[in-house]
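Order of the sequence lines fixes the chain letters, A, B, ..., with proteins taken first and strands second; residue numbering starts at 1 for each chain.
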Protein chains: 2
Amino acid sequence: MTVTIKDIAKVAGVSYSTVSKALNDSPLVKGETKKKVAAIANEMGYAPNFAAQHLVSKKSKIIGLIWPTIERAVLATLVTKISNELNKTPYSMILSVDPLERSLETFKKYKVDGAILFEEDVNVKISNFSPPILVYGVSRNNSSDYPVIDPDHQQAILKAVTYLYKLGHRKIAYIGQIPQNDPRQIAKYEGFKKALKKFGIEELNKTSIINTEGLDWYDGYSAINKLLALDEPVTAIIGGSYDISAGIVRGLKDKQINIPEDISVISYDNIPQMENQEVPLTSVGVPVEQLAIKIVHTLIDLMENEQPLPQVTMMTPVLTERISCAPIKQYY
Amino acid sequence: MTVTIKDIAKVAGVSYSTVSKALNDSPLVKGETKKKVAAIANEMGYAPNFAAQHLVSKKSKIIGLIWPTIERAVLATLVTKISNELNKTPYSMILSVDPLERSLETFKKYKVDGAILFEEDVNVKISNFSPPILVYGVSRNNSSDYPVIDPDHQQAILKAVTYLYKLGHRKIAYIGQIPQNDPRQIAKYEGFKKALKKFGIEELNKTSIINTEGLDWYDGYSAINKLLALDEPVTAIIGGSYDISAGIVRGLKDKQINIPEDISVISYDNIPQMENQEVPLTSVGVPVEQLAIKIVHTLIDLMENEQPLPQVTMMTPVLTERISCAPIKQYY
DNA sequence: TTGTAGGCGTTATCAG
DNA sequence: CTGATAACGCCTACAA
């Protein structure tokens, strides 16, 4: 038997509507009464019944998030951060690991007030799902019907190159996956090329872009061999993802190459885990906390105000200095 | 405006209580009527309102699952499979990424009918949470107050050794983490030692247990060097986890050692991803699907029957043959 | 400032 | 077989 507002009402000696108001901090109730009711409620271990609240308010205060099957560290972290951020609001989150359509079906039954999708899912057409939808990461696919939050990959890599350039680096390698069909990876790659051009060092780096097969640690690890075979060795490396960079660090270590003394390393993906690498890695990217905050509050805005928000929001990346980069001595 | 049974009733020309019964396949409604109602409901895009159902039935049909922060491939897979399995039942799942207490708080508000916990969380004492709780993986900690489902790690390794022994292998290495405080890893280690003894090959393998620092790919990868430094080379390796084995495969490949021609490899963790390794790995462990099924249905039993089930259920591991093991030729 | 009454969408009970 | 009607826990006018 869970305790309801009626139970509280009996104990408090007031009507249950008063209890309801008191608990909702309504101005229609004396402060004194509020305190008393709150105390009793607390003591009795009262927890509001979401189902009942939902039924009457027509608001579920739930947002649905589709858990992408691809389990990269960044996304797992992002999901966690989103949940944490949501905990500071009246909203809760349900995670669905099903494919898009099935997930939306579930969301409909729960009458979620809004939903968050990841890029991967958005290609399917979404039919009769009315709550607001927010999409993370498809700025390239500008045909999206929904507001989009997207980190600015190009700018991130530009910041990385700028940072290295200012430290005196001129020979800089990019180790990352460059597939035809992944706009995010392509954006990083393009960002790198543009940055080289901006600083007038493209000629120097004709051969220092290494296209890995995938995004895994081994891709970074094995790229080190190719890198070392270069005629002119680089003094700095930009890793295209967390996992790739983890492999790079190991690869260099196995060759007795020290970071940052012998070579500087910057990783894409600005997540706390970078700190835990053998060498804490300086990294660029939009910090996941910021992403999470932006995503959550944009969605809440969408749900509560229905204002047409800017269609796509590019998030500004940040370079977080750790200890994997050093200046080039000879340039001093 | 979402469609309710009343809307359907109007269109169908029956009372809404009849609609309710029809939709629930009650024997109190003519088959004909049922069909008609179902057709209309479907056409109108009707989805039942969980909140309302919950309110009247006192059953939320939701189970809560606390998402362990430790993100190993196996657990991610397990969570997904559990969700898939739950989809075949009337139950839904909410995932919480919060710490135990906060998660339970949320679960209470949603009035979940049951909850699933992972080993990591269970040490905290749980107060005033009434729905049944099922714990995955703490058989060692027999002080658990809740029913436990646990894979039999020891037996898994025993099966691996047996399999290799029958193939003619006598020099077998175990590469895994052996920490003081992780009962699962210790169980595997103990299982290995017992198995060696059973087959009378402990003396042969005095030095072929490699205690890795961690459970990551690099731990497996770098263990290969130590392994190769052994006086008497082994003909088979058992990897203690999915990630470790992934590292082992890469490590061997880098040394031009072929699997299974030059060396046989078996991995712990029986998950589908084993198939995707460069060399599809023969593996031992309770298949995640089976675990998921067991977990889900045990919990459902718990929720619906309240029968006191056996306190701890050890799941029998299975060896899944792929192509990473070969017989020793000279024994033929 | 507090209490009363109606209703949210659904199921269950009991008449028809 | 079908249709009213009460009830689930809560919120919100509206009345007192």
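Taking a 4.0 Å limit (strictly below) on heavy-atom distances, residues 11-23 of chain A reaches DNA chain C at A/V14, A/S15, A/Y16, A/S17, A/T18, A/K21. Listed by residue number, there are no residues of residues 25-45 of chain B with a heavy-atom contact under 4.0 Å to DNA chain C.
A/N24 places a side-chain N or O within 3.5 Å of a backbone atom of A/S20 that can act as its donor or acceptor partner. When atom types are taken as modelled, the side chain of A/H297 and the backbone of A/I293 share a donor-acceptor pair closer than 3.5 angstrom. Between the side chain of A/T313 and the backbone N or O of A/I149 there is no donor-acceptor pair closer than 3.5 Å.
Taking 4.5 Å as the limit, some side-chain heavy atom of A/L95 sits within range of a side-chain heavy atom of A/M93. In this structure, B/D152 and B/M315 have side chains that are not in contact, with every pair of non-hydrogen atoms separated by 4.5 Å or more. Side chains of A/S83 and B/D98 form a contact here, defined as non-hydrogen atoms less than 4.5 Å apart.
Summary for the helix from C/dT1-D/dA16 to C/dG16-D/dC1: the axes at its two ends, each from 5 pairs, differ by 50° when rounded to the nearest 10 degrees.
In terms of phosphate contacts, A/K58 brings a side-chain nitrogen or oxygen within less than 4.0 Å of OP1 or OP2 of C/dG9. Residue A/Q53 places none of its side-chain N or O atoms closer than 4.0 Å to OP1 or OP2 of D/dC10.
Atom-to-atom distance recorded for B/D113:CG and B/E304:CD is 8.5 Å, nearest 0.5 angstrom.
Between the CD1 atom of A/I8 and the C1' atom of D/dG9 there is a distance of 11 Å, given to the nearest Å. What separates NZ of B/K59 from C1' of C/dT10 is a distance of 16 Å, to the nearest Å. Between B/K111 atom NZ and D/dC8 atom C1' there is a gap of 12 Å when expressed in whole angstrom units. Residue B/K6 contributes atom NZ, which lies 9 Å from atom C1' of C/dT10 at whole-angstrom precision. With rounding to whole Å, B/I5 atom CD1 is found 12 Å from C/dC8 atom C1'. The CG-P distance, from B/N49 to D/dC8, rounds to 18 Å in whole Å. Summarising the geometry, the separation between NE2 on A/H54 and P on D/dC10 is reported as 15 Å, rounded to the nearest angstrom.
The heavy-atom pair separating B/P272 from B/V288 by the smallest distance is CD-CG2, 3.9 Å.
Here B/F50 lies out of heavy-atom contact (under 4.0 Å) with every strand.
Salt-bridge annotation for A/D25 and A/K34: present, with a side-chain N of the basic residue lying under 4.0 Å from a carboxylate O of the acidic one.
Crowding of A/K294 atom NZ: a count of heavy atoms from other residues, nucleotides or ligands under 6.0 Å not exceeding 12.
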### Task
List the steps, then state whether side-chain hydrogen bond (donor to acceptor under 3.5 Å, both in side chains) holds for B/S92 with A/Y110.
CA-CA 10 Å; B/S92 300; A/Y110 282 111; 3.1 Å; yes
